[in-house]
Amino acid sequence: MRAATRSTCAYCGVGCGVLLTPDGHGGLDVQGDPDHPANRGRLCSKGAALGETVGLDERLLAPRHHGREIGWDAALQTVADRFANTIARHGPDSVAFYVSGQLLTEDYYVANKLMKGFIGSANIDTNSRLCMASTVAGHRRAFGTDTVPGTYEDLDEADLVVLVGSNLAWCHPVLYQRVLAARAARGTSIVVIDPRRTASCEQADMHLALAPGSDVALFNALLVALREGGALDEGFLRHVEGFDDTLEAALADDPAKTGLSAEEIDAFCRMWMGTERVVTVFSQGVNQSAQGSDKVNAILNCHLATGRIGRPGMGPFSVTGQPNAMGGREVGGLANTLACHLELEDPAHRAAVQAFWESGPLPQAPGLKAVEMFRAVGRGDIRALWIIHTNPAVSMPDADAVKAAIAGCDFVVVSDVTGATDTARLADMLLPATAWAEKDGTVTNSDRTISRQRAVLPAPGAARPDWAILAEVGRRMGFHAAFDYAGPAEIFREYAALSGIAAQMGRDFDISGLGALDEAGYAALPPTRWPVSPGRSGGRFFGDGRFFHPGGKARMLPVTARPPAARVGRRYPFRLNTGRIRDQWHTMTRTGLSPRLSAHLAEPFLDLHPEDAARLKVSAADLVRVKSPEGQAILRARITRDVAPGQVFAPMHWTGETAPSARIDALVAAVTDPVSGQPESKAAVAAVERFDAAWYGFAVSATPLAPEAEYWARARTPAGWRAELAGRAPVADWEAEARRLFGLPDAPLQSLMDARRGSARLAFLDGDRLIAALFVSRAPVAVMRDYLVTLPGTAVPEALTGRTPADRPDPGPVLCSCFGVGVNTILTAVETQGLMSVDAVGQALQAGTNCGSCRSEIAGLIARAQTKEAAE
Ligand SMILES: Nc1nc2c(c(=O)[nH]1)N[C@H]1C(S)=C(S)[C@@H](COP(=O)(O)OP(=O)(O)OC[C@H]3O[C@@H](n4cnc5c(=O)[nH]c(N)nc54)[C@H](O)[C@@H]3O)O[C@H]1N2
Ligand SMILES: Nc1nc2c(c(=O)[nH]1)N[C@H]1C(S)=C(S)[C@@H](COP(=O)(O)OP(=O)(O)OC[C@H]3O[C@@H](n4cnc5c(=O)[nH]c(N)nc54)[C@H](O)[C@@H]3O)O[C@H]1N2
Ligand code: SF4
Ligand SMILES: [Mo]
């Protein structure tokens, strides 16, 4: 075997190092890199399954114009001409780029340079608007720059970790493992602040299920308590402005807005106050709010007031979502920022960048932020749009309107690795990009560590790197010299040089120390935390009390809690929260390719409290219709006390490709934070009712399925595919329907039909091997799914019964993706072998011993089994 190549995981902002070894047949072995400072060899379930996502089945391999394959020359010339003509006729602001925090820094830099420097518009925004914009705004207001003060080591060295609106156990699993290691080593306490009970709560000391959106009131209460408890750091406060006004606003705010009891708030405040080494980790429960920036500042206020910032084991810590969310902030990928943390609205900064780029004048005002951008597309004000590495037809709020806007735009270019996305299907010009394991560049993770991503697989078909596509369009638009790059190393050097200029202008982002890297140096670049300059390398910011506002002080900001923008009422009585599940990444174009990852939660769902379910007459496994003023969805009900009465939760991942009735952003209003422009993705309003289907179906198949029902959801399995189906219109001929669904017009069939009971079981065979099977009934289909999915391709006469043979216990839904261990297997072992700990389960079944992503869920199962025992 070839020696492994070091690279970085394709997914979250933890930025884990991976060791990649191609097998020579298109496959890839993926291991955690023991030498990477972010993960020291660990990987979560998604990282560990990266090898399952590099196949070419769904890849886009050539440019396509209106669905027809064309050559690169024609494709690039058309893009350049259409953009140039639109600009000539309607001005630079009639075009836009919508890009992504998953682009590599070099891609991002080129996109930003082309739009802001050479097209002369600031209409470039990124999906980071939906993700990090509130943090960027909050940091800039408090610190004068968008700087993450601390490092991952702070999580190892903290005595208290507060997770605010962060489901770290599922969304940053390797960081969560670090926190658990600190807990084991030094007894670090964990507090979770989230309206919903999540996997991150399983090992927490305290869970504060605050009212949705009320974080500001809680942190205002904390500030007041810090003052009353004498926990302020008067020395540090000399470096901070705005304390008095901020305290006054905090005193005037009402802790009752949180819906928490006085005891709960008091216990939290005492814990925070009494622990010097406290890290407050925050994420989308904070950012994705119409008050997201204020939430960020409410948290920063408490750290500034106590001087708990920029010293070991303490500080506010915004964890980034996407692998290069941080790099995108550094290159100025947002419509209101400039490269290297320079300010778009500062004439001196603009002049410096213009001189460096040798471009025309830079736009003086911010461009359109994502939500406004798609509105302008819808109005026809933006006539040419280039979407790169993101899927806005699914992930933007008011997604149906966004879909319609894209569909109606004069000229839409989409760069993606697959044509099978909701957005790609709307493109006029579809451009094939090289994917993660095929491209070279850098990414910056949550703690400012820049890591190399390295190509280990050849570019398939005609696919090209995103930076190369952008640079070629730049050249064809007439900007030859500015975009004449030989490769990513050259782009990186230019960027590093610009950062040196930014640093001279007093900015924090400085990687000028890397400006002289030659090709070999770039190739070998180890993980490096910025700043990297002759005077400074890595480390923390702000512990010395020096900030980046004029005058050098930090600013505390008076904030007052406001409820979410959409009001619950008689028509829409539920608060709709949305977020992520453990084993899927966003719109599933990559994790959805992995059967292992698809086994954890194979269907879109709505979490509903038992009291609400009873009132709505919804039983477990029923389908529900969820409506909001913007749109509707059909989802599977999961009845659980994890959500509070009156609140429901749905995942964001399902799409037109995987479950068209479950695109949850169709229900989310496009309301934004007035400061950051970030949408309120977690506080829509909704009505819920039972979806009374006439029939329900479950299908397994060795070949791809083409469902057409009112409700359907499909997922990969090791043996092929599975699907859930339901409809209100009766189906007259199940055989014909099944043949269409599976694309099997002539295969031999075994069937059991019971028209009176409305049930049907159909199995298609190839000799004695099962190809596909469909189970239909009037009630939600009760079959052993986790067994049935293993059958396609095998000889199994009992498939039709839908029951496992007596000697084969049903493993239940997979909890441990790495070793394929099901819930029932774990529960049985816990009960029969008396296993009391996650480690004991690991010893008995291997579950939880590899990536550790499922450990908190296993802990939950053990706790439940113990409560059950105690009650018996
Ligand atoms: N498995 C997986 N991991 C991922 C991703 C993925 O798609 N899948 N995506 C990555 C990306 S891009 C991102 S941005 C991160 C996101 O990581 P997280 O922010 O941790 O994930 P979310 O599930 O979006 O939301 C976090 C929590 O916010 C809570 N919340 C909702 N409203 C409020 C509120 O008003 N106050 C508080 N305090 N909490 C609230 C929700 O209940 C939810 O549990 O994950 C990254 N990691
Ligand atoms: N309701 C709700 N909505 C949300 C959120 C939420 O919590 N709730 N979270 C928001 C957040 S934080 C985020 S970050 C967004 C994420 O939302 P998106 O960015 O829309 O989701 P992804 O699925 O990551 O889209 C990435 C696209 O890039 C393609 N791709 C993969 N590799 C490459 C490549 O190398 N080059 C190119 N050109 N394309 C590639 C993929 O196939 C995919 O189509 O969703 C946001 N939307
Ligand atoms: S925590 Fe998981 S998804 Fe995130 S970078 Fe590490 S391995 Fe990848
Ligand atoms: Mo994100």
Side-chain angles (χ1 to χ4, degrees), residues 8-18 30 32 36 38-39 42-50 53 58-60 98-104 107 126-133 168 171-177 283-285 287-288 320-323 325 370 387-397 399 414-424 431-439 441 443 445-446 453 463-466 469 576-580 584-592 650-653 655 657 663-668 678-682 684 851 853:
T8 314
C9 175
Y11 301 118
C12 83
V14 177
C16 295
V18 289
V30 181
H36 196 289
N39 59 318
R42 289 195 185 100
L43 289 181
C44 77
S45 48
K46 293 183 298 299
L50 271 166
T53 65
E58 306 239 327
R59 282 298 291 278
L60 176 68
Y98 183 63
V99 301
S100 166
Q102 296 170 63
L103 283 174
L104 302 178
D107 303 327
T126 141
N127 64 359
S128 283
R129 184 69 61 192
L130 319 179
C131 182
M132 304 313 308
L168 206 71
C171 296
H172 300 87
V174 166
L175 288 187
Y176 191 67
Q177 294 300 318
S283 186
Q284 298 316 333
N287 291 339
Q288 289 173 339
T320 50
Q322 300 176 91
I387 299 168
I388 309 176
H389 209 324
T390 174
N391 193 358
V394 181
S395 57
M396 283 284 295
V414 174
S415 299
D416 205 299
V417 298
T418 168
T421 81
D422 294 20
T423 304
L431 302 177
T434 46
W436 165 71
E438 303 149 10
K439 56 196 261 179
V443 291
N445 72 4
S446 297
Q453 188 171 302
R464 291 189 184 177
D466 286 300
I469 302 173
L576 170 62
N577 181 3
T578 65
R580 290 156 172 80
Q584 293 294 352
W585 177 260
H586 297 165
T587 70
M588 292 189 189
T589 63
R590 290 176 291 165
T591 44
M652 62 170 290
H653 306 288
T655 69
E657 303 289 317
R663 293 167 53 251
I664 205 67
D665 269 305
L667 281 79
V668 176
Q678 178 153 355
E680 184 153 76
S681 311
K682 291 194 161 19
C851 78
S853 295

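Both counts, for ligands and for their atoms, begin at 1 and track the order of listing.
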Could you confirm whether His172 has any N/O/S atom lying under 2.8 Å from atom 4 (Fe) of ligand 3?
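Checking atom 4 (Fe) of ligand 3 against His172, no N, O or S atom falls under 2.8 Å.
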
Do me a favour and list the nearest non-hydrogen protein atom to [atom] with residue, atom name and distance?
atom: atom 15 (C) of ligand 2; answer: Ser395 CB, 4.1 Å
atom: atom 31 (C) of ligand 2; answer: His389 CE1, 3.3 Å
atom: atom 44 (O) of ligand 2; answer: Asp416 OD2, 2.6 Å
atom: atom 24 (O) of ligand 2; answer: Gln102 NE2, 2.7 Å
atom: atom 36 (N) of ligand 2; answer: Asp466 OD2, 2.8 Å
atom: atom 16 (C) of ligand 2; answer: His586 ND1, 3.3 Å

As a check for students: among [options], identify the option with a heavy atom nearest to [atom].
atom: atom 46 (C) of ligand 2; options: Leu130, Thr126, Leu104; answer: Leu130
atom: atom 6 (Fe) of ligand 3; options: Cys16, Cys851, Gly321, Gly47; answer: Cys16
atom: atom 35 (O) of ligand 2; options: Leu576, Thr655, Thr434, Val394; answer: Thr434
atom: atom 9 (N) of ligand 2; options: Gln288, Met588, Gln284; answer: Gln288
atom: atom 43 (C) of ligand 2; options: Thr589, Thr390, Leu667; answer: Thr589

Which atoms of ligand 2 are found less than 4.0 Å from any heavy atom of [X]?
X: Asp665; answer: 1 (N), 2 (C), 3 (N), 4 (C), 47 (N)
X: Thr418; answer: 42 (O)
X: Trp585; answer: 24 (O)
X: Ser681; answer: 1 (N), 2 (C), 8 (N)
X: Arg580; answer: 7 (O), 9 (N), 10 (C), 11 (C), 12 (S), 13 (C)
X: Lys682; answer: 7 (O)

I need the contact type for [X] against ligand 2. Using non-hydrogen atoms and a strict under-4.0 Å cut-off, is it side chain, backbone, both or neither?
X: Thr587; value: both
X: Met652; value: side chain
X: Lys439; value: side chain

Just jot down the ligand 3 atoms closer than 4.0 angstrom to any heavy atom of [X], in number order.
X: Gly15; answer: 5 (S)
X: Val174; answer: 1 (S), 6 (Fe)
X: Cys9; answer: 3 (S), 5 (S), 7 (S), 8 (Fe)

With heavy-atom distances below 4.5 Å as the criterion, would you say the side chains of Arg590 and Tyr11 are in contact?
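Yes, at least one pair of side-chain atoms sits under 4.5 Å.
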
Heteroatom distance test (Asn391, ligand 2): nitrogen or oxygen, under 3.5 angstrom
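Right, the criterion is met.
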
Between Ser100 and ligand 2, does any nitrogen or oxygen pair lie at a separation below 3.5 Å?
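N/O-N/O distance under 3.5 Å: no.
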
Taking the non-hydrogen atoms of Asn39, is any one of them nearer than 4.0 angstrom to ligand 3?
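It does not, in that no heavy atom of Asn39 comes within the 4.0 Å cut-off of ligand 3.
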
